[in-house]
Amino acid sequence: MLSVSITRVLDRFTLAAQFSVPAKGIIGLFGDSGSGKTSILRIISGLQRCPGAQVQLGTEVWQNAVNWVSPERRGVGMVFQEGALFPHLNVRQNLDFAARRAPPNRSPRPIQVDAVIDMLELAPLLGRKTQNLSGGERQRVAIGRALLSQPQLLLLDEPVSALDHGTRDEILAALERLSAALDLPMLYVSHNLAEMASITDHLVLLSQGRVAGSGATAQMLTDLSLPLAARPDALSVLGARVSGYDAGNGSTRLLIDGHEWKIPGRLGKDRADCRVRVMASDVGLARDVPGATTILNTPPARILTASAMPQSEQVNVLMRLGADDNGQYLLARVSRESWQNLQFQPGETVHLLIKGVGLVDAN
Amino acid sequence: MRESGARREFPGYEQSMIEVIATSLELAGTTSILLLLIAIPLGWWLAQKRGWGADMIAAAAALPLVLPPTVLGFYLLLFLGPHGPWAPILRLFGLRTLAFSFPGLVIGSLIYSLPFALTPIRAGFAAVPPHLMEAATSLRAGAFDRFRHVALPIARPSIVAALILGFAHTLGEFGVVLMIGGDIPGHTRVLSTSIFDAVEELDYTTAHELSAGLLVFSFLTILALRRFDRSGAI
């Protein structure tokens, strides 16, 4: 477990955040700019002193009323927004800087230099000067460097916010691969909900310095009582498995809760587990089996509950995939007019009209 | 010009010029190396600190920029002389006074040239991005390790600039050198005081040679600095 308890008066508000999250996978710390995310990250790392705070990873107390472990002894890898690579060292020397200071035999399974170079595709960059790297290359080196210090926890402070979209996805995919391969907990700070949905397993939601919610990402995203579901970019994530590629139609087949979904294009490896993102505004509901339609995916689902969105003529509908009540949760956003016209009821089984599906990554 | 002719015929002339140049270079070299040893830790400290204490020390170190060299020379003369506060300590080493001696000259030069070495070094350290130091911390580097392997190499151009500037400024100083050194041939006579002597004796040829030499050297120094100091402060 990673346990954090912070009370601190900042310039604009009071940070009063307590949370305990399982120290595995990728943990997201989500909130608007100025919600205190970065302060929390810096306090966990020890770079920002915060008397009275409590920070504990597993059985190791980094900070409480009596103890203080200095940041260089905490074993937290940090990845900054702009990489923070040392300009006087080339890529290889940046990696060596970390490797040389890593404690020998700290963890039972140390992170190998070669494995890092391999997974982040750093080999062609090793001799390069850091000034000549692109934004994406810079972040790959920064992640590699942080990993080679053999951290117990990797902290990422908006690591892809300065990158263009394609590069962003590439880095996120690399982080997912690393998380799966290295058994290293990561704490990921961002104000981009799609990023969070793509890679985090657990989400801590911050609002004005307080924890508004904490839980598994898929549940947090579809919890109608949380502000996430009310955002214009509200979305759901679904676990899926690539079942094959239909060369004739040029689409990838996915299996989600026993139902086959199709995505145009060849994506992912066969039989790989992956995650798909579905925007709430891309989901429509139909009472009857849809007839002729351009929409590829029309799986059944059962309505759980609905809530009218404040100051908007829209309704959020929470459903579970499949006709029985054990599928994954999915959020739909429909107009109040159609919701009232069709008189859908909780417990009713409907057919979804899914306009767009984003595949996140196939390991 | 009659004086000049007489001087040129003086058999030890070439020898004494070599001596003067050697004394000047020794003084500038010793001073600039010692300056770095003082200015690097002091500059680092000042770059980290804010507040009254740091301001007082920075102001004291910058004082020679505005103070007439004769004022500095006068106080140093009293301070380092046989009745100064250091006299008992000097006596332990069998010395009566540091005034009119080479070590005295070095001390005077150190104080006089300190701002010229300290300013670029302090600015160089202040320009080291804080997030690089934080990245080094997260990579398990302790305080000295971070200073030695991140701050120092990043500030290197400023340190080279400080070295060149300290050297050149020491070579060109006059007032303090005259006051505390006394212009003793072979001991404390340096290029700048030699020019003064030559002019006093109406030996314009020698004055020209030395002045032109210093002029060219100073120009080359500034040129070298511009190449080194990326900030373009000079």
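Heavy atoms only: backbone and side chains are in, while hydrogens, waters and symmetry mates are out. So that the names make sense, note that chain A is the first sequence line, chain B the second, and so on, each numbered from 1.
For the pair A:P103 and B:R140, the minimum side-chain heavy-atom distance is below 4.5 Å.
Put simply, of A:A84, A:G83, A:P71, A:A102, the one with the most heavy-atom pairs under 4.5 Å next to chain B is A:A84.
At distances below 3.5 Å, not a single donor-acceptor pair connects side-chain atoms of A:H88 with backbone N or O atoms of B:A155.
More than 12 heavy atoms of other shown residues, nucleotides or ligands fall within 6.0 angstrom of atom CG in A:N132. B:F102 CZ: more than 12 foreign heavy atoms inside a 6.0 Å radius.
A:Q81 contributes atom CD, which lies 10.0 Å from atom NE2 of B:H131 (distance to the nearest 0.5 angstrom). In this structure, CG in A:L95 is found 10.0 Å from CG in B:L139, a value given to the nearest 0.5 Å. Here the CZ-OG distance, from A:R101 to B:S138, works out to 11.5 Å after rounding to the nearest 0.5 Å. A distance of 9.0 Å separates CD in A:E72 from CG in B:D145, rounded to the nearest 0.5 Å.
Residue B:R146 touches chain A through its side chain alone, counting heavy-atom pairs closer than 4.5 Å. The part of A:L85 that comes within reach of chain B is its backbone (N, CA, C, O), which places non-hydrogen atoms under 4.5 angstrom from that chain. With a 4.5 Å cut-off on non-hydrogen atoms, A:R100 does not touch chain B at all.
Scanning both residues, A:P87 and B:L132, for their nearest heavy atoms gives CD-CD1, 3.5 Å. Of all heavy-atom pairs spanning B:A135 and A:R145, the tightest one is CB-NH2, 3.5 Å.
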